[in-house]
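Heads up, the thing below is written out as structure tokens.
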Amino acid sequence: MEKLVITGGNRLHGTIKISGAKNAAVAIIPAVILSDGVCRLENIPDIEDVNIIDEILCKMGASVRHINENSLEIDPSGIEEPVATYDLVRHMRASCYLMGALLGKYLRADVALPGGCDFGVRPVDQHLKGFGILGAKHIVEDDMIKIKANKLTGNHIYLDVVSVGATVNVMLAAVKAEGRTTIENAAREPHIVDLANFLNSMGADVRGAGTDVIKINGVKTLRGTTYSIIPDQIEAGTYMAAVCSAGGDVVIQNVIPKHLESITAKLREMGVTIEEFDDSVRVVSSGRLKRCNVTTMPHPGFPTDMQPQIAALLSTADGTSIVNEAVWDNRFRYVDELRRMGADISVDGSLAIIRGIERLTGAPVKATDLRAGAAMIVAALGAKGTTQIEDIRHIQRGYENVVGKLSSVGADISLIKTNESMKQA
Ligand code: UD1
């Protein structure tokens with residue numbers, strides 16, 4: 001067992017380089033199943049979620065070769081059975097992308113109900129509705145979703161909710177279907193665009209990704225390709241928040257500033273200075289922040305995956321802020337942890353009312369999920385004294401080398417084994 005130990009108060013100065021996007025990687029890696037050739041993927045983040053999806057593909061018979069820690073070569077030709085059992089998928093929500101990829105390739109997918117972060121009901125009705133409209137039938141048996149089609153035919157699909165997962169899955173299932181599929185009310189997240197670009201680099205015909213109407217003309221075959229994944233918008237946002245909490249002057253490199261607009265706008269409203277360059281942003285903060293209200297929304301709105309980190313910042317802002325979580329129905333479990341550090345937050349349904357205090361105080365806390373863990377890091381960097389964060393396996397799912405990156409800009413952070421204090425860079 002490991003935990004993170006952070007002593008707050010050090011200002012952060014220097015440069016942090018952002019890794020490839022987790023949510024793009026976990027969609028694009030399963031998408032390789034659709035290829036008739038070998039795919040080389042670059043700028044892949046070295047994180048636990050990627051290791052898990054790699055392992056799932058390997059156990060299914062694909063060959064996954066690590067060229068270096070951020071590049072992979074995947075040959076999916078050895079996959080014989082389009083089946084992913086519970087012991088393969090249980091740790092990971094994005095394993096539901098195996099449904100679309102296997103169905104698109106083999107016209108059949110048996111995938112166990114997925115795991116992942118627990119913030120309320122995470123339905124897949126829209127994914128299944130999309131598969132059904134393309135001509136597939138499904139049953140749920142022994143905790144497995146079993147989907148089958150004689151043939152997939154392009155069609156018009158209107159998603160009842162804006163869902164990243166359903167948009168990805170329908171794209172994967174439709175890319176080799178016969179004829180044209182139109183997805184209306186599609187998600188517009190940067191990783192949807194990245195997936196479309198990846199599929200097109202294999203020979204697919206996907207248009208409109210990044211808008212709410214995606215048109216897919218089915219193709220018969222998809223070839224191998226080399227593709228580099230976009231930078232991680234949420235990792236970048238988390239480090240921007242870290243600088244705001246601790247105070248300092250840091251250049252966040254390898255980002256697409258346009259993807260950060262909603263985060264940048266909120267941080268500016270809180271009094272932070274942010275300069276944008278071609279592929280970096282500079283964040284300058286005194287550590288003293290102004291209150292603001294935040295409502296999470298699908299892209300291009302403020303991302304729900306930055307909600308806990310911004311709430312951590314607002315807990316020491318000047319005045320009372322209201323955070324409205326409008327995407328997930330149970331994403332305030334981390335509030336109890338922030339309260340241990342002295343935060344004054346009350347939760348009423350989808351609203352968190354945050355009364356800013358002068359400073360948080362270090363305490364033993366838990367990472368209740370991935371972004372909740374990120375919020376604990378943000379809070380700890382500005383807090384008085386030392387914070388110990390447990391259950392960091394959640395953080396390791398989505399952040400590459402968090403200790404190294406934060407240490408390099410002057411944070412007092414170390415990873416220790418629970419029984420001994422072994423400091424690791
Ligand atoms: C993805 C992200 C996750 C992020 C979320 C919202 C990945 C791997 N994960 O999750 O980090 O928090 O987008 O930006 O990319 N819904 C339905 N029916 C469905 C599907 C979803 O009602 O069939 C609802 C959900 O309950 C939720 C909302 O739609 O309220 C958004 O969910 P969705 O965009 O699908 O999230 P994920 O793809 O699971």
Side-chain angles (χ1 to χ4, degrees), residues 20-31 45 47-50 52-53 56 89 91-101 111 113-133 138 140 145 147 157-173 183 185-195 212 229-230 232-235 237-238 259 262-263 295-310 324-334 349-350 369-375 394-395 397-399:
K22 170 183 97 72
N23 287 350
V26 298
I28 287 173
I29 294 171
I47 54 174
E48 211 34 48
D49 267 11
V50 164
I52 295 172
I53 195 86
I56 294 174
V89 308
H91 294 301
M92 202 183 162
R93 173 77 190 167
S95 50
C96 74
Y97 295 153
L98 293 167
M99 294 193 291
V111 179
L113 296 168
C117 280
D118 175 16
F119 25 79
V121 182
R122 300 190 73 168
V124 288
D125 57 296
Q126 297 301 305
H127 308 226
L128 297 172
K129 168 179 142 173
F131 299 150
I133 294 173
H138 76 270
V140 179
I145 302 180
I147 313 160
I157 297 165
Y158 180 87
L159 297 177
D160 301 336
V161 287
V162 180
S163 160
V164 172
T167 305
V168 167
N169 252 333
V170 173
M171 285 166 76
L172 296 174
I183 310 174
N185 202 26
R188 292 180 279 169
E189 267 66 5
H191 38 288
I192 300 283
V193 180
D194 210 33
L195 173 65
D212 58 1
I229 289 194
I230 51 165
D232 197 306
Q233 170 206 24
I234 304 300
E235 189 199 13
T238 301
H259 294 171
S262 60
I263 301 166
T295 297
T296 63
M297 275 186 240
H299 192 80
F302 190 87
T304 171
D305 288 355
M306 277 298 298
Q307 183 261 102
Q309 301 90 313
I310 203 99
N324 179 8
E325 173 52 61
V327 176
W328 295 112
D329 56 12
N330 182 17
R331 208 172 189 176
F332 287 130
R333 284 170 63 208
Y334 67 86
S350 70
D369 65 47
L370 169 59
R371 306 303 172 186
H394 291 295
I395 298 171
R397 281 187 42 218
Y399 289 87

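Indexing begins at 1, ligand by ligand and atom by atom, following the structure's order. Since we're looking at a predicted model, the values are computed, not measured.
- The heavy atom nearest to atom 1 (C) of ligand 1, considering only V168, V164, T296, is found in V164.
- Rounded to the nearest 0.5 angstrom, I47 CD1 and I395 CD1 are separated by 13.0 Å.
- Contact analysis puts P123 in contact with ligand 1, with a non-hydrogen atom separation below 4.0 angstrom.
- Near D125, meaning under 4.0 Å from any of its heavy atoms, are these atoms of ligand 1: 17 (C), 18 (N), 19 (C), 22 (O), 23 (O).
- Within the 4.0 Å heavy-atom criterion, neither part of M297 lies near ligand 1.
- With no hydrogens or angles considered, no side-chain donor-acceptor pair links E189 and N23 at under 3.5 Å.
- With ligand atoms numbered from 1 in the order given, ligand 1 contributes 23 (O) to contacts under 4.0 Å with heavy atoms of V124.
- Taking every heavy atom of both residues into account, L98 and I56 meet most closely at CD1-CG2, 3.7 Å.
- Ligand 1 places these atoms under 4.0 Å from at least one heavy atom of V327: 27 (C), 30 (O), 31 (C).
- Close approach to T304 involves these atoms of ligand 1, each under 4.0 Å from a residue heavy atom: 6 (C), 12 (O), 14 (O).
- Close approach to R331 involves these atoms of ligand 1, each under 4.0 Å from a residue heavy atom: 12 (O).
- Within the listing of ligand 1, atoms 15 (O) sit less than 4.0 angstrom from a heavy atom of H191.
- For the side-chain hydrogen bond (donor to acceptor under 3.5 Å, both in side chains) test, no residue two or more places apart in sequence or in another chain qualifies with Q233.
- Between Y399 and L370 there is a side-chain heavy-atom pair separated by less than 4.5 Å.
- Heavy-atom proximity to D305, at under 4.0 Å, picks out these atoms of ligand 1: 3 (C), 4 (C), 11 (O), 12 (O).
- Applying the salt bridge (charged side-chain N to carboxylate O under 4.0 Å, His left out) rule to E235 yields the partners K405; only residues at least two apart in sequence or on another chain are considered.
- Ligand 1 places these atoms under 4.0 Å from at least one heavy atom of G165: 35 (O), 38 (O).
- Under 4.0 Å is where a charged nitrogen must lie from a carboxylate oxygen, and between R331 and D305 at least one such pair does.
- In terms of polar-atom proximity, S163 is counted as a contact of ligand 1, with an N or O under 3.5 Å from an N or O of the ligand.
- Inspection of the Q126 and Y158 side chains reveals no N or O donor paired with an N or O acceptor under 3.5 Å.
- Taking only nitrogen or oxygen atoms, main chain and side chain alike, W328 reaches within less than 3.5 Å of ligand 1.
- Classification of K22 and D49 as a salt-bridged pair holds, one side-chain N sitting under 4.0 Å from a carboxylate O.
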